[in-house]
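So the structure is just underneath, and the comments pick up after that.
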Protein chains: 2
Amino acid sequence: MKRLGKIIRGHRKKAGLTQKELADLSGVGKTVIFDIEKGKETVQLNSLMNVLKTLNIKLKVESRLMDGEEVINEES
Amino acid sequence: MKRLGKIIRGHRKKAGLTQKELADLSGVGKTVIFDIEKGKETVQLNSLMNVLKTLNIKLKVESRLMDGEEVINEES
DNA sequence: AAAATATTACCGTTATAACAGCAAAATGAA
DNA sequence: TTCATTTTGCTGTTATAACGGTAATATTTT
């Protein structure tokens with residue numbers, strides 16, 4: 001799970017955003033961005049989804065029971 | 001996000017587990033399973049990860065900035 | 001059908017994440 | 001280096017998810 005934090009941080013940097021800016025854009029507090037990037041798992045799924053959406057990152061699930069994979073953070 | 005709930009429910013059924021059993025195996029309360037399957041987004045990432053792990057479901061992220069995709073709920 | 005099991009729903013209580021504010025490091029620019 | 005910005009860390013307060021218990025439906029089994 002530190003992986004996700006690094007990915008998010010990388011995307012934020014590339015977008016030229018500060019933690020505070022990303023927080024505001026995502027509708028969460030700055031602490032949440034800080035925590036996520038630090039690898040904290042005790043954040044709300046809600047908050048994470050908003051951040052991922054802001055950064056245009058897709059979230060998918062995959063298992064042997066499924067054929068292929070499925071995006072879970074898109075409309076509809 | 002209702003999608004994730006359905007996927008989890010499907011996997012649980014296929015595994016022959018009740019909500020309570022899945023909850024116990026995942027170390028969360030029964031309410032959490034119920035909420036996740038109902039599509040509630042205000043659950044902790046922590047809880048969701050435990051459930052996904054129990055059901056052997058991989059969680060991945062993908063974006064244009066990355067090459068390919070990356071599994072985020074595995075060891076190391 | 002009835003009986004048993006499972007799911008959904010609601011309710012206090014408790015635990016804890018979210019938050020803003022501030023200060024201290026760290027980083028980067030001039 | 002100095003100055004400005006950003007990040008990290010901490011600290012109360014507030015908001016709310018997690019939890020177990022219980023009850024009402026719904027589903028499955030016999």
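For clarity, every value in this text was computed on a predicted model and none was experimentally measured. Quick note: numbers below take in every heavy atom, side chains included, and nothing from hydrogens, waters or symmetry partners. Every chain is numbered from 1 and lettered A, B, ... according to where its sequence line falls, protein lines coming before strand lines.
Taking atom CG of residue Asp24(B) and atom P of nucleotide dA6(C), one finds them 13 Å apart after rounding to whole Å. What separates CG of Asn50(A) from P of dA17(C) is a distance of 18 Å, to the nearest Å. A straight line from CG of Leu48(A) to P of dA17(C) spans 15 Å, rounded to a whole angstrom. Rounded to a whole Å, the NZ atom of Lys38(A) is 8 Å from the C1' atom of dG9(D). One atom, CG of Asn46(B), and another, C1' of dA17(C), lie 12 Å apart when rounded to the nearest Å. At whole-Å resolution of the value, NZ in Lys20(A) and P in dT5(D) are 15 Å apart. Leu22(A) has its CG atom 14 Å from the C1' atom of dT7(D), to the nearest Å. Whole-Å rounding puts the Glu41(A) CD to dA18(C) P distance at 13 Å.
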*nucleotides 13-30 of chain D: protein proximity per nucleotide (B base, S sugar-phosphate only, - neither; heavy atom, under 4.0 Å)*: ----SSBBBB--------
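Phosphate contact (OP1/OP2 of dA6(C), side-chain N/O of Arg12(B), threshold under 4.0 Å): absent. Phosphate contact (OP1/OP2 of dT8(D), side-chain N/O of Gln19(A), threshold under 4.0 Å): present. Between Arg9(B) and dT8(C) there is a side-chain polar atom (N or O) within less than 4.0 angstrom of OP1 or OP2.
The side chain of Thr18(B) lies closest to dA6(C) when the candidates are dT8(C), dA6(C), dT8(D).
For Arg3(A) (side chain) and Ile72(B) (main-chain N/O), no donor-acceptor pair under 3.5 Å exists by modelled atom type. Within the 3.5 Å criterion, the main-chain N or O of Val28(A) finds no donor-acceptor partner in the side chain of Ser26(A). Without hydrogens or angle criteria, Asn73(A) side chain to Ile57(A) main chain gives a donor-acceptor distance under 3.5 Å.
Here NZ of Lys13(A) is found 9.5 Å from OG1 of Thr18(A). Values are rounded to the nearest 0.5 Å.
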